[in-house]
> 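I'd like to ask some things about the structure below.
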Amino acid sequence: LDASVMSLRQKAAQINAEFPLFINMKTFRVDLPQAKDSLSVDIETNNFNLKALNDFVDQLTLRQMAGRLDGMVEVRGQMQDLKTDGKLQLTNGAFRLVPAGIRVDDIQSTLVFEPDKLRLTNFSANSGGGELKASGMVELQKLMPGEMDFEVEAENFRAANTSQYNAVIDMNARAQGSITNPKITG
């Protein structure tokens, strides 16, 4: 499978995938890949303008998305034991979160895909004159999230600004453990 995703007259992503697909031409029965079958998927994006997503999000929740996404992610291996590799980088990201009455700007982030984990490095964002930074990792088990370890720091970060409530966050926190049962300290 070779595919391109086009948006705003630009190639948003290039996708190349190889996987077994068995079709019985007498019955037209299709057998999808099984646990021991191998899969190979490459997804590449080059300077994708996130403004292209504005037409597809709920305008009552999220508006004015912006930023550029670059990177390549590979998924390979047997269906029962897929591994990832690659990196995605977001630069100059921004959005308006309507229910909270805030705008988040200057979002920078790098996601590094390793065979058994996903790392968040260099995440930063600004809101209301304050800044939020984060880094950490989550282990991947069959591409599902496992144990995690994230650190988040914020200074004067505006989290809400409406007629009903106003919230500015200062924090230094750490979340460890599983996604469903994290231990949060700080």
Side-chain angles (χ1 to χ4, degrees), residues 12-13 43-45 47-54 56-75 77 81-186:
I43 302 170
E44 183 176 0
T45 182
N47 205 26
F48 173 54
N49 185 347
L50 295 180
K51 284 183 180 181
L53 301 177
N54 284 317
F56 303 102
V57 296
D58 179 2
Q59 295 293 305
L60 296 175
T61 303
L62 197 63
R63 293 184 187 173
Q64 301 168 346
M65 290 178 56
R68 299 288 179 161
L69 187 64
D70 279 302
M72 181 166 185
V73 177
E74 300 173 350
V75 179
D81 190 30
L82 294 171
K83 303 292 184 192
T84 61
D85 187 34
K87 179 168 70 169
L88 288 175
Q89 188 167 18
L90 173 64
T91 55
N92 301 317
F95 62 89
R96 186 170 150 227
L97 188 58
V98 177
I102 62 168
R103 179 155 174 86
V104 181
D105 292 301
D106 300 321
I107 304 169
Q108 314 295 328
S109 180
T110 302
L111 283 175
V112 178
F113 293 80
E114 297 177 7
D116 293 316
K117 67 180 68 160
L118 178 60
R119 284 190 190 281
L120 173 66
T121 62
N122 306 321
F123 178 88
S124 63
N126 297 328
S127 176
E131 184 176 32
L132 182 133
K133 293 182 179 183
S135 64
M137 67 86 194
V138 61
E139 294 176 354
L140 298 175
Q141 301 163 355
K142 297 182 182 180
L143 295 186
M144 297 301 292
E147 294 294 303
M148 67 171 176
D149 186 3
F150 286 95
E151 293 185 22
V152 180
E153 296 177 19
E155 185 174 336
N156 295 322
F157 186 82
R158 183 167 309 279
N161 187 27
T162 70
S163 62
Q164 297 172 339
Y165 52 93
N166 191 341
V168 175
I169 298 174
D170 286 324
M171 69 185 267
N172 188 346
R174 186 171 189 181
Q176 295 175 294
S178 70
I179 297 290
T180 57
N181 191 22
K183 178 184 175 189
I184 300 174
T185 58

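Values in this document were obtained by computation on a predicted structure and should not be read as measured data.
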> List, one per line, each side-chain donor-acceptor pair under 3.5 Å for residues 175-186, sequence neighbours excluded.
from, atom 1, to, atom 2, distance (Å)
Ser178, OG, Thr180, OG1, 3.4
Ser178, OG, Asn181, N, 2.9

> Any idea which heavy atoms bring Ala159 and Ala100 closest together, and the distance?
O-CB, 3.6 Å
> Of all the heavy-atom pairs spanning Val138 and Pro145, show the shortest one and how long it is.
CG2-CB, 3.9 Å
> I'd like to check Asn54 versus Phe95 (side-chain heavy atoms, cut-off strictly below 4.5 Å). Are they in contact?
no
> With rounding to the nearest 0.5 angstrom, report the OG1 to CG distance, Thr45 to Leu69.
5.0 Å
> Would you please name every residue forming a side-chain contact (heavy atoms from CB on, under 4.5 Å) with Asn172, sequence neighbours left out?
Glu153
> Could you list the donor-acceptor pairs under 3.5 angstrom formed between side-chain atoms of residues 122-129 and any protein atom two or more places apart in sequence or on another chain?
from, atom 1, to, atom 2, distance (Å)
Asn126, ND2, Asp106, OD2, 3.1
Ser127, OG, Arg103, O, 3.3
Ser127, OG, Arg158, O, 2.8

> Is Lys83 salt-bridged to Asp81, going by a charged N under 4.0 Å from an acidic O?
yes
> Is it true that a side-chain atom of Thr84 and a backbone atom of Glu114 form a donor plus acceptor pair closer than 3.5 Å?
yes
> Glu155 and Asp170: which non-hydrogen atoms are nearest, and at how many Å?
CA-OD1, 3.1 Å
> Can you tell me how far apart CD1 (Ile102) and CZ (Phe157) are? Round to the nearest 0.5 Å.
5.5 Å
> Contact between Leu140 and Asp116 at the side-chain level, heavy atoms closer than 4.5 Å - yes or no?
no
> Nearest heavy-atom pair of Pro99 and Tyr165: which atoms, and what distance?
O-OH, 3.5 Å
> How many angstroms lie between atom CG of Leu62 and atom CD of Gln64, to the nearest 0.5 angstrom?
9.5 Å
> Within this structure, what is the CG-OG1 distance for the pair Asn166 and Thr162, rounded to the nearest 0.5 Å?
7.5 Å
> Judged by atom type as modelled, is there a donor-acceptor pair below 3.5 Å linking the side chain of Arg119 to the main-chain atoms of Val112?
no
> Atom CG in Asp70, atom CG in Asn47: separation rounded to 0.5 Å?
5.0 Å
> Using 0.5 Å steps for rounding, measure from the CG atom of Asn92 to the CG atom of Asp105.
10.0 Å
> List the steps and the verdict of side chain to side chain contact (heavy atoms under 4.5 Å, CB included) for Ile107 and Leu90.
CA-CA 7 Å; Ile107 304 169; Leu90 173 64; 3.7 Å; yes
> Start with the C-alpha distance between Arg68 and Asn49, add both sets of side-chain angles, then the distance that settles side chain to side chain contact (heavy atoms under 4.5 Å, CB included), and finish with yes or no.
CA-CA 5 Å; Arg68 299 288 179 161; Asn49 185 347; 3.5 Å; yes
> Output, in order, the C-alpha distance, side-chain angles, deciding distance and verdict of side chain to side chain contact (heavy atoms under 4.5 Å, CB included) for Met137 and Leu118.
CA-CA 6 Å; Met137 67 86 194; Leu118 178 60; over 6 Å; no
> Could you check Val104 against Leu97 for side chain to side chain contact (heavy atoms under 4.5 Å, CB included), going step by step and ending with a plain yes or no?
CA-CA 8 Å; Val104 181; Leu97 188 58; 5.7 Å; no
> What's the shortest heavy-atom distance between Ala66 and Leu50, and which atoms?
O-CD1, 3.8 Å
